[in-house]
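Structure, as structure tokens:
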Amino acid sequence: MARVKWEDYFMNIAKQVATRSTCDRKHVGAVIVRDKTILSTGYNGSIRGMPHCDEAGHLMENEHCVATIHAEANAILQAAKNGVMIDNSEVYITASPCWNCFKMAVNSGIKKIYYGEFYKDERIFDVAKKLGIELTHIKVNQSEL
């Protein structure tokens, strides 16, 4: 059996992380990596200590649940909470980052973003190109998310 490529390996882990998501509208997972070592993971879910969307319902604004913290934001926050430096890292996300998460990822020092499905915001492509941030689409089986 052939070994899986690193990109697929980390995206597969992001898909597994997504299974912990607590917003049943979209399950997203993120894995922050540097030098082929996992630094942090995150999934979309409610603020710590608050009820989960799949238990209490959604807080909707403009057809978007705003009760949750996105997966990549949670991975960045988890790294900060644990004192893990993520400068010059890469992130694997099962869905492309929204505009706010993209800005947070770039300012935290993430240099490469691998994503599964495209999610909403085209602005990330132009800005990533201007900043030299690599954005790479990795096809994932949507039925697994």
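No experiment lies behind these values; they were computed from the predicted model shown.
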Could you please spell out the steps behind the ring pair (Phe, Tyr, Trp, His ring centres under 6.0 Å) verdict for F125 and F102?
CA-CA 10 Å; F125 298 108; F102 173 78; 8.7 Å; no
Distance-only donor-acceptor hits, side chain of residues 77-87, under 3.5 Å, sequence neighbours excluded:
unit_1	atom_1	unit_2	atom_2	d
Q78	OE1	R48	NH2	3.0
N82	ND2	Q78	O	3.1

Are the side chains of C53 and S46 in contact, using a 4.5 Å heavy-atom criterion?
yes
What's the separation between atom NE2 in H137 and atom OH in Y114, rounded to the nearest 0.5 Å?
13.5 Å
Taking all non-hydrogen atoms of both residues, which atom of V28 and which atom of A71 are closest, and how far apart?
O-CB, 3.4 Å
Taking all heavy atoms of S108 and all of A105, pick out the closest pair and write down the distance.
OG-O, 2.8 Å
Tell me, yes or no, whether the heavy-atom count around R20 atom CZ, taken from other residues, nucleotides or ligands under 6.0 Å, exceeds 12.
no
Do I32 and E90 come within less than 4.5 Å of each other through their side chains, counting heavy atoms only?
no
Given T41, which of V31, V33, N74 fulfils the side-chain contact (heavy atoms from CB on, under 4.5 Å) condition?
V31
Rounded distance [0.5 Å steps], CD in E55 versus SG in C23
12.0 Å
For A18 and G29, the nearest pair of non-hydrogen atoms, with its separation, is CB-N, 3.4 Å
D8 to I138 - nearest heavy-atom pair and separation:
OD1-CG2, 3.9 Å
Scan side-chain atoms only and decide if N44 and T68 contain a donor-acceptor pair under the 3.5 Å cut-off.
no
Other residues, nucleotides and ligands only: do more than 12 of their heavy atoms fall within 6.0 Å of NZ on K129?
no
Looking at side-chain heavy atoms only, is the closest gap between I76 and S40 below 4.5 Å?
no
Among K139, K15, K26, find the residue that satisfies the salt bridge (charged side-chain N to carboxylate O under 4.0 Å, His left out) test when tested with E117.
K26
What closest approach, in Å, do A128 and L135 show between heavy atoms, and which atom pair accounts for it?
CB-CD1, 3.6 Å
Between K112 and E7, does any side-chain N to carboxylate O distance fall below 4.0 Å?
no
Please list, chain by chain and in numerical order, all residues satisfying side chain to side chain contact (heavy atoms under 4.5 Å, CB included) with Y9, sequence neighbours excluded.
V4, W6, I13
Check: I113 and Y92 side chains under 4.5 Å, non-hydrogen atoms
no
Write down the atom of L39, the atom of S89, and the distance for their closest heavy-atom approach.
CD1-CB, 4.2 Å
I124 CD1 to D126 CG distance, which is reported to the nearest 0.5 Å
11.0 Å
Determine the interplanar angle of the Y119 and H70 rings, folded into 0 to 90°, and report it as parallel if under 30°, tilted if 30 to 60°, perpendicular if over 60°.
perpendicular
Verdict with reasoning, Y43 to H27, per side chain to side chain contact (heavy atoms under 4.5 Å, CB included):
CA-CA 8 Å; Y43 53 86; H27 292 175; over 6 Å; no
Is there side-chain contact between S96 and D121, with at least one heavy-atom pair below 4.5 Å?
no
